[in-house]
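Right, one structure below, let's go through it.
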Amino acid sequence: MVSSRPRTYSVEAVVVRASDFGEADRLVTLLTPFRGLVRAVARGARKQKSRLGGNVDLLRHIKVSIAEGRSSLHSVSQVESLSTLRGLHSGLEKMSTGLYLAEITERFSVEGGSNPALFNQLIYMLQVLDVEPLHPLMARWFEVQVLRINGFLPEIGVCVDCGDALEPADHVFSPVRGGLVCPECRASESDVLLSASLNTIKLLRHMVRAQWDGVRQLECSEDELRQVARVLREHMHFVLDRNVRSSAFMDEVTRWRSAPN
Ligand SMILES: [Zn+2]
């Protein structure tokens, strides 16, 4: 028998999405280590004297008590700040990078989907962003790590089609096929191919293996940065289209959209 009493639990979380809701409430999407995304309403959060206040704003790292609602809509009952991330919240550019990191993390997450590695990756990068100057590879390295954690890395070691070793030279990347393509396989399909110079390929391979400490010291040309950004963006686009927007994911979205206001 299902109990009708609301159950309350406490979790560490990052606010990855927030919007105004009703007269004075905020609707928040929280990323948690073991429960994936949790969507909840923070009642009265927009009132001046709310005890929830700024702690349910975007990119807050918090410990939060959630009261499970009878419908799918849960509510935030208590919030405590775990780290201020002051440097991140004080600059527009850092904040927009942080929001981008949160957005891709959210897109690779589902409600109830435990993924502590992904959660820790987001917290780590927000903390880096908080204290370090912006670096053009921050978002790229983060994308690579999110792909690695979720098992969606592109094939960059060998040809994605025939599996043959790739000569150390410039190649092309196929977002549809999910990896680098050797000269023989290049024309086997008429898909869109992206340039990947030898240096771009080396940079991608390095970012898979390296910690942030081993990436932040790299100096890349504009061309390499542009190519790496394009390859990763198009790859993520195809991965998300194919896999994350799977039936389970869409079910969640549908349930959320049809939740009573
Ligand atoms: Zn091939």
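Along the sequence shown, residues are numbered consecutively beginning with 1.
Other residues, nucleotides and ligands contribute over 12 non-hydrogen atoms within 6.0 Å of the CZ atom of Arg46. The environment of CD in Gln127 is crowded: more than 12 heavy-atom neighbours from other residues, nucleotides or ligands sit within 6.0 Å. The 12-atom threshold is exceeded at CD of Gln217, counting heavy atoms of other residues, nucleotides or ligands nearer than 6.0 Å.
Using a 3.5 Å distance cut-off with no hydrogens or angles, the side chains of Ser50 and Arg26 do not pair a donor with an acceptor. Looking only at atom types and distance, the side chain of Gln145 has a donor-acceptor partner in the side chain of Arg148 under 3.5 Å away. If you check the side chains of Asn115 and Asn150, you find a donor sitting under 3.5 Å from an acceptor. Asp170 and Ser197 share no donor-acceptor pair across their side chains, judged by distance under 3.5 Å alone.
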Given His135 and Trp212, is the ring-ring contact (aromatic ring centres under 6.0 Å, His included) satisfied, shown in steps? CA-CA 11 Å; His135 187 299; Trp212 174 242; 5.2 Å; yes
Using side-chain contact (heavy atoms from CB on, under 4.5 Å), reason through Val128 and Met138 one step at a time and then give a plain yes or no. CA-CA 9 Å; Val128 167; Met138 276 176 173; 3.8 Å; yes
What's the verdict on side-chain contact (heavy atoms from CB on, under 4.5 Å) for Leu58 and Val28, showing C-alpha distance, side-chain angles and the deciding distance? CA-CA 8 Å; Leu58 278 167; Val28 291; over 6 Å; no
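The backbone N or O of Gly54 sits less than 3.5 Å from a side-chain atom of Arg60, completing a donor-acceptor pair. In terms of modelled atom types and a separation under 3.5 Å, the side chain of Thr97 and the main chain of Glu93 share a donor-acceptor contact. Formation of a donor-acceptor pair under 3.5 Å by the His61 side chain with backbone atoms of Val14 is not found in this model. Not a single donor-acceptor pair under 3.5 Å links the side chain of Asn55 to the backbone N or O of Glu80.
Within the model, atoms CD of Gln121 and CE of Met125 stand 7.5 Å from one another, a figure rounded to the nearest 0.5 Å.
Remark: Arg35 qualifies as a cation-pi partner of Tyr9 under the 6.0 Å distance and 45° angle criteria applied to the six-membered ring.
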